[in-house]
Protein chains: 2
Amino acid sequence: MRKHNNKKTVVNCTFSRYLIVMTSKSLNSWHEIQDEVLSRIQAGIWKPGTIIPTENDLAREFECSRATVSRALNALSADGLLDRRRKGGTKVNLNPVRKATLPIPVIREEVEGRGCTYRSLVIEKEKRKPSPAIRAQLSLDADCFVMHVKSLHMADNQPYAFEDRWVNLDVVPDFEQADLTKISANEWLLQNSGFSAGDVAFYALNAGQQEAENLGCREGEALFVLERITQVNGKAITFVRLFYRPGHRISTTL
Amino acid sequence: MRKHNNKKTVVNCTFSRYLIVMTSKSLNSWHEIQDEVLSRIQAGIWKPGTIIPTENDLAREFECSRATVSRALNALSADGLLDRRRKGGTKVNLNPVRKATLPIPVIREEVEGRGCTYRSLVIEKEKRKPSPAIRAQLSLDADCFVMHVKSLHMADNQPYAFEDRWVNLDVVPDFEQADLTKISANEWLLQNSGFSAGDVAFYALNAGQQEAENLGCREGEALFVLERITQVNGKAITFVRLFYRPGHRISTTL
DNA sequence: TAGTGGTCTAGACCACCCG
DNA sequence: GGGTGGTCTAGACCACTAA
């Protein structure tokens with residue numbers, strides 16, 4: 001049976017010093033409970049570092065099942081606001097906002113999402129032995145071959161990002177024949193190598209001669225760089241450095 | 001009743017062209033189901049863009065309740081691997097890995113997490129009228145006051161990051177009296193202003209004179225910059241720019 | 001060891017939305 | 001309209017861990 005009515009009562013509440021009369025709603029959805037808990041935290045009723053009531057207590061207060069409370073609290077825990085542990089109870093986290101979720105779109109989508117026309121140019125595509133540095137990054141043998149691809153992503157015919165990529169031909173031999181004028185290396189790999197895990201890093205770098213020439217900027221300008229190693233079934237498949245044009249920002253809402 | 005045994009059967013499976021005999025486990029935990037679904041996607045059994053079986057079908061196959069399947073699929077959906085919609089079914093996402101979750105720790109914790117000793121120096125602390133640029137960032141009136149704080153975060157007595165912060169005294173008037181030699185501005189605000197939302201941006205910038213002096217680097221070096229606006233109850237409380245020392249990287253696993 | 005969250009179940013109803 | 005996922009419930013047992 002779902003309950004749809006609210007009621008006003010004086011609640012048996014261990015936090016009574018903050019409350020005189022408490023409007024106790026029958027909260028029937030875990031979203032409502034999440035919001036309620038969130039606002040109590042933001043209002044300072046439940047302070048960072050303290051333990052909040054148990055699932056059973058909250059279920060009684062909100063007149064819903066424990067599972068519903070659990071779902072709401074787990075959602076807040078996933079957001080980093082609560083710290084939950086068996087026996088220990090549920091604690092309001094100190095330092096609440098600690099995670100930024102950044103979208104890492106395919107560059108074509110990123111460009112088109114800004115309302116620009118996307119185009120990519122292949123600057124260089126060469127099959128070769130990997131350099132020691134690349135061997136280390138991709139955990140490769142000395143005698144294998146990799147494909148080295150340099151390309152430029154354009155937005156409305158302006159350089160948007162310069163890409164320097166190494167592809168492990170042991171894992172995706174077909175990449176040697178890929179026609180990168182029709183589809184970017186990134187998207188080819190996405191479509192032909194299945195799902196992947198990987199590591200991403202961001203940092204700032206002064207533009208070298210190669211980056212400056214391709215992006216049309218001065219040498220030494222600060223570039224935002226994305227570096228990524230992609231793996232399939234634990235085998236490194238590609239290592240890529242993406243040098244964005246000067247002024248590029250990534251942003252997100254916490 | 002929990003089931004603990006596995007069994008081997010020929011499964012009535014629409015993907016039989018991939019399977020001769022399928023080991024159908026009784027998967028009793030949503031983690032196991034998540035892993036199984038994930039590996040089927042990675043193995044190409046369920047291809048990007050296609051619909052996977054319904055919750056009911058999977059519950060029958062795995063011999064568990066629909067709720068358990070649902071939980072597993074929802075977890076994968078939250079990770080961006082599946083796209084679920086009522087009536088439409090559950091689809092394997094194209095462009096699977098699109099989100100990077102970056103931890104944004106308090107700098108003290110970031111430094112201590114690297115095994116270094118943290119120290120912070122206040123370089124400047126001044127109450128003043130906000131500049132037009134800052135007024136715009138914080139959505140302030142012209143006649144209010146803000147606190148401008150410049151400080152340096154040190155790791156093992158080496159500069160780690162230079163911080164340029166503006167604090168809205170309308171919202172947190174007590175900040176004027178905060179003793180920033182004992183606690184950094186960031187942590188003071190965290191502890192005294194409750195929970196907060198905000199926007200974060202990252203970009204690269206050539207070091208100016210001020211940054212170079214404080215970080216002990218050359219002017220023009222590429223710096224990784226974090227910019228953040230923090231709001232409480234919809235009111236902007238602080239705007240901060242954090243210039244990391246040259247070579248700083250942030251990284252994450254997808 | 002006792003108390004807390006973690007999880008599973010079977011059933012039910014609902015909301016959305018594709019055909 | 002009907003099929004799919006979204007959600008809630010009441011009860012049960014389990015696993016971790018703080019005290």
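We name chains A, B, ... by the order of the sequence lines, and we start the count at 1 in each one.
In the set dG5(D), dT7(C), dA10(C), dT7(C) carries the atom at the smallest distance from any side-chain atom of Arg66(A). Considering only side-chain atoms of Ala67(A), the nucleotide from dT9(C), dC16(D), dT9(D) that sits closest is dT9(D). Checking dT9(C), dT9(D), dT4(C) against every side-chain atom of Cys64(A), the shortest atom distance belongs to dT9(D). Side-chain proximity of Arg86(B) to dA10(C), dT7(C), dT4(D): nearest is dT4(D). Side-chain proximity of Trp30(A) to dC8(D), dC16(C), dC8(C): nearest is dC8(D). The side chain of Lys87(B) has dC16(C) as its nearest neighbour among dC8(C), dC16(C), dC8(D).
In this structure, Ile51(A) places its CD1 atom 11 Å from C1' of dA18(D), rounding to the nearest Å. Atom-to-atom, CD of Glu63(A) to C1' of dC8(D) comes out at 15 Å; the value is rounded to the nearest Å. As a whole-Å value, the separation of Asp83(B) CG from dG5(D) P is 12 Å. In this structure, Phe62(B) places its CZ atom 17 Å from C1' of dT9(C), rounding to the nearest Å.
Residue contacts for Asn74(A): at a heavy-atom cut-off of 4.0 Å it reaches the sugar-phosphate backbone alone, with no base atom in range.
Taking 4.0 Å as the cut-off between side-chain N and carboxylate O, Arg108(B) and Glu187(B) count as a salt-bridged pair. The pair Arg119(B)-Glu112(B) does not count as a salt bridge, with every side-chain nitrogen at least 4.0 angstrom from each carboxylate oxygen.
If you find the closest nucleotide of DNA chain D to Arg71(A) and to Arg85(A), the one lying nearer the 5' end belongs to Arg71(A).
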Margin query: For Phe224(A) and Phe202(A): C-alpha separation, side-chain torsions, deciding distance, then whether ring pair (Phe, Tyr, Trp, His ring centres under 6.0 Å) applies.
Written below: CA-CA 7 Å; Phe224(A) 186 83; Phe202(A) 303 95; 5.7 Å; yes
